[in-house]
Amino acid sequence: MAFSNEIMAWYSRHKRDLPWRRTTNPYIIWLSEVILQQTRVEQGLPYFHRFVSQYPDVVSFASADEDEILLHWQGLGYYSRARNMHRAAKAVVQEYGGAFPTNYEELIKLKGIGEYTAAAIASFSANEARAVVDGNVFRVLSRYFGIDDPINSTKGKKRFLSLAQDLLDHQNPGWYNQSVMEFGALQCRPKNPACATCVLRLDCRAVNEGRVGNLPVKIKGKASRNRYFNYFVVKADDRLLMSKRGKGDIWENLYELPLIETSSQAAPHELAAMDEVKACFGTNAGMKLVSGPVKHVLSHQNLFAQFFEVTPSRAPDIKKMQWNYVFIKDLGTLAKPKLIYSFLKNYMVGYYT
DNA sequence: TTCCTGCTTG
DNA sequence: CAAGCAGGAA
């Protein structure tokens, strides 16, 4: 098969020397694959090294505290990946005695491992014949074969999955899978693909039909909603009031400042007049805007955050609000969303790094 | 099964 | 403004 052989030959000449390609240890490959989900190699690399050194095996990962894992994950985003990894690691210890599975059927049962990641780990660690289909593969196949089914439609996904499985080299599934993905990352790039130097250009339908810029096709998602977050900085001596986020919303189990969400942008005096604010900080609380509104964009939400320095006129009911005073010097031990981390970093200059 | 949602960076 | 997978709700 011209396509598969060409692309594997290309890979042997152009592959990057990435650390997770030097091992067949399924645990290490799992770390790299989950970190690299929705993350670029350059951004994931330092996290990969951190996790390998902090948790050299699945047993150490499983016995760590979730807060600690989240702290190491801080800044990577999609924090459910870290929480699910913890659950998966515990399951591996419980059900497999710490021997990380290498076959697709077992892998896909673990939290945070879907079709792509199961195929990746199985093929890289044990050469199981499972084709991976990630964003790179979608792009390479849609261009080379001129397929304009949307890659995020059910029909499209099935078609690409089945095509990928047909193309798989059964002698070297792991090598083949790496080849297509690397080819997509370096040659058949989303923007500015290097068609002029491409070994597949003569047989590439997108090139021949002038459709490279139009493939792959993707259905646009729905628009984001706007949310308005009002954060309160409440200091007491060398401590700061902090809050842990709960289930069912963004940033689950991460730490932030006390928050009141409003349905629109609130001016400082409007906020101070709110019953909820009075109930928290007293009727005569001082309130001063110190930052914002800062726009913070998530995948399906636009956050507009304001930060207020508050001088309560009576002691906040921290028990009822489930808030905690945290020593400023200890703020670095709490996993925080980028938004909060960045604010504190600027605001607490000299106290906290 | 299908649809919706999660974070950050270049 | 685009890019990148999985889980859970519908």
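Fair warning: this is a prediction, and the values are worked out from it, not measured in the lab. A note on names: the letters A, B, ... follow the listed sequences, proteins ahead of strands, and every chain is numbered from 1.
- Between A/Q38 and C/dC5 there is no side-chain N or O to OP1 or OP2 distance below 4.0 Å.
- The nearest heavy atom of DNA chain C to A/R40 and to A/G114 marks one nucleotide each, and the one closer to the 5' end goes with A/R40.
- If you measure from atom OH of A/Y78 to atom P of B/dT5, you get 12 Å, rounded to the nearest angstrom.
- Salt-bridge check for A/D17 with A/R22: passed, with a basic side-chain N closer than 4.0 Å to an acidic carboxylate O.
- Of the listed nucleotides (B/dG6, C/dA3, C/dG8), B/dG6 has the atom at the smallest distance from the side chain of A/Q301.
- As a whole-Å value, the separation of A/K155 NZ from B/dT2 P is 13 Å.
- Side-chain proximity of A/R87 to the nucleotides C/dG7, C/dG8, B/dG6 is greatest for C/dG8.
- Side-chain N/O atoms of A/E256 and A/Y231 include a donor and acceptor closer than 3.5 Å.
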> Do A/R81 and A/T39 pass the side-chain hydrogen bond (donor to acceptor under 3.5 Å, both in side chains) test, and can you show the C-alpha distance, the side-chain angles, and the key distance before you say yes or no?
Replying inline: CA-CA 11 Å; A/R81 290 182 290 170; A/T39 304; 3.0 Å; yes
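- At least one side-chain nitrogen or oxygen of A/K338 sits closer than 4.0 Å to the OP1 or OP2 atom of B/dT9.
- At C/dG4, one or more side-chain N or O atoms of A/R139 fall inside 4.0 Å of OP1 or OP2 (strictly under the cut-off).
- Closest to the side chain of A/I250, from the set B/dT2, B/dG6, C/dC5, is B/dG6.
- Side-chain nitrogen and oxygen atoms of A/K111 include at least one within less than 4.0 Å of the OP1 or OP2 phosphate oxygen of C/dG8.
- Using a 4.0 Å cut-off between charged nitrogen and carboxylate oxygen, A/K244 and A/D67 count as a salt-bridge pair.
- Comparing B/dC7, B/dG6, C/dA3 against the side chain of A/W251 picks out B/dC7 as the nearest.
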